[in-house]
Protein chains: 2
Amino acid sequence: MVAEKVFTQLRRGTLEYCVLALLQGEERYGFDLVKELGEIDGMVTTEGTIYPLLARLRREGMVETSWRESESGPPRRYYRSTAEGGQALADFTADWERFRTSVDGILRRGNEGRRK
Amino acid sequence: MVAEKVFTQLRRGTLEYCVLALLQGEERYGFDLVKELGEIDGMVTTEGTIYPLLARLRREGMVETSWRESESGPPRRYYRSTAEGGQALADFTADWERFRTSVDGILRRGNEGRRK
DNA sequence: ACAGGTACCTTGTTTCGCATGGTAGCTGAG
DNA sequence: CTCAGCTACCATGCGAAACAAGGTACCTGT
């Protein structure tokens, strides 16, 4: 589909915080996150995206991890958000709302508008 | 400001269509677009961003251009949206709304939610 | 014993915004 | 009249993020 390319660009910068949001008050592992995001419109992604992203979040102290055995299959690395991660998410949410409002405003002007 | 880095990422993919939106039913020149965008929250940008972007839109047939003299200062290259540009904008607007809805949903879950 | 699913990760490529810097015309102050 | 500063255009090279592709290894069922 053509629209996929658009979403690839839109995800930039937001995907990171969407993952952080999914890790609030809930532990998850990478492979699980890929499947979870795959069910959300416009958020389809792959392991090649998620693992580097999680590594970055870990480096920055946004998430903590712990290995745990699976009942069926290889062991999993579980991620959970730190307090710092929760704060970063809250900050981003405020920025996102400002940005979203701006974009909505400009698009409205362009699509219906056509003034003067 | 720290938040600026966030906006840089968020602009990816959307800036192009915001410009296209500003060019609907209205001719503008590059330098003017920079100033116009600079007044919109989260859209502050520079000539180094706008000119390559406009060149790309022109290459793809989204905009047409014409040189015109200025009463004061160097001549200006005016840009206006083609029909193709208008269609691309409409398509993007639909995609943007889907994406925005998804992000809002995920962020809500992460910030207030904290279920189970 | 081996095919297929689960789960982790790395490497190289692409894309886009931006920093930087360069050209040139017009205007106004000294 | 000259030159500083604004307007206006553009090109080049970099960095960050997402992704494609590929690799390893474990477990289960046939």
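Source: prediction; values computed, not measured. The chains referred to below are lettered A, B, ... by the order of the sequence lines, with proteins before strands, and numbering in each begins at 1. What you see below is based on every heavy atom in this structure, not just the backbone, and it leaves out hydrogens, waters and symmetry mates.
Residues satisfying the side chain to side chain contact (heavy atoms under 4.5 Å, CB included) criterion with B/Pro52, sequence neighbours excluded, are absent altogether. Take A/Arg100 and apply the side chain to side chain contact (heavy atoms under 4.5 Å, CB included) test, not counting sequence neighbours, and it matches A/Trp96, A/Glu97, A/Asp104, B/Trp96, B/Arg100, B/Asp104. In terms of the side chain to side chain donor-acceptor pair (under 3.5 Å) criterion, A/Thr14 has no residue partners (sequence neighbours excluded). For B/Thr101, there are no side chain to side chain contact (heavy atoms under 4.5 Å, CB included) partners, not counting sequence neighbours.
In this structure, CZ of B/Arg59 is placed 12 Å from P of D/dC10, rounded to the nearest angstrom. In this entry the distance linking OH of A/Tyr51 with P of D/dA21 reads 18 Å, nearest Å. The nearest whole Å value for the distance from the CZ atom in B/Phe31 to the P atom in D/dC6 is 10 Å. Atom pair A/Arg77:CZ and D/dC26:P shows a separation of 16 Å (rounding to whole Å applied). Distance, B/Leu53 CG to D/dT12 P: 17 Å, rounded to whole Å. Distance A/Phe7 CZ to D/dA17 C1': 18 Å, rounded to the nearest Å. With rounding to whole Å, A/Leu10 atom CG is found 15 Å from D/dC19 atom C1'.
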- From CA spacing to verdict: side chain to side chain contact (heavy atoms under 4.5 Å, CB included), B/Leu15, B/Leu37: CA-CA 9 Å; B/Leu15 187 57; B/Leu37 287 167; 4.1 Å; yes
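Of the possible polar contacts, none joining the A/Glu27 side chain to the A/Leu23 backbone as a donor-acceptor pair under 3.5 Å is found. B/Thr82 places a side-chain N or O within 3.5 Å of a backbone atom of B/Met62 that can act as its donor or acceptor partner.
Checking B/Asp32 against B/Pro52, the closest nucleotide of DNA chain D that is more toward the 5' end is the one next to B/Asp32. Nearer the 5' end of DNA chain C, as judged by each residue's closest nucleotide, is the contact made by A/Tyr79, out of A/Gln9 and A/Tyr79.
Two residues are said to be in side-chain contact when any heavy atoms from C-beta on lie closer than 4.5 Å; B/Arg68 and B/Arg76 fail this criterion. At a threshold of 4.5 Å between non-hydrogen side-chain atoms, the residues B/Cys18 and B/Arg11 do not count as touching. No side-chain heavy atom of B/Ser81 sits less than 4.5 Å from a side-chain heavy atom of B/Glu26.
The outermost nucleotides of DNA chain C lying under 4.0 Å from heavy atoms of chain A, listed 5' to 3', are C/dT6 to C/dC16.
Residues in residues 68-89 of chain B take part in these ring-ring contact (aromatic ring centres under 6.0 Å, His included) pairs, two or more places apart or across chains: B/Tyr29-B/Tyr78. Applying the salt bridge (Lys or Arg N to Asp or Glu O under 4.0 Å) test to every pair with at least one member in residues 49-60 of chain B, sequence neighbours left out, gives these pairs: B/Glu16-B/Arg56. Sorted by first and then second residue, the side-chain hydrogen bond (donor to acceptor under 3.5 Å, both in side chains) pairs with a member in residues 83-94 of chain B read A/Asn111-B/Thr93, B/Gln87-B/Asp91; sequence neighbours excluded.
A heavy atom closer than 4.0 Å to some atom of DNA chain C occurs in B/Thr45, B/Thr46, B/Gly48, B/Thr49, these being the qualifying members of residues 41-50 of chain B. For residues 63-74 of chain A, proximity to DNA chain C is found at A/Trp67, A/Pro74, defined as any non-hydrogen atom under 4.0 angstrom from a strand atom. Using a 4.0 Å cut-off on heavy atoms, the residues of residues 11-21 of chain A that approach DNA chain D are A/Arg11, A/Arg12, A/Gly13, A/Leu15, listed by number.
Distances shorter than 4.0 Å separate some side-chain N or O of B/Arg76 from OP1 or OP2 on D/dA8.
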Under 3.5 Å, which donor-acceptor pairs link side chains of residues 41-49 of chain B to any protein atom two or more places apart or in another chain?
unit_1  : atom_1 : unit_2  : atom_2 : d
B/Asp41 : OD1    : A/Arg98 : NH2    : 2.7
B/Asp41 : OD2    : A/Arg98 : NE     : 2.8
B/Thr45 : OG1    : B/Thr49 : OG1    : 3.4
B/Thr46 : OG1    : B/Gly48 : N      : 3.4

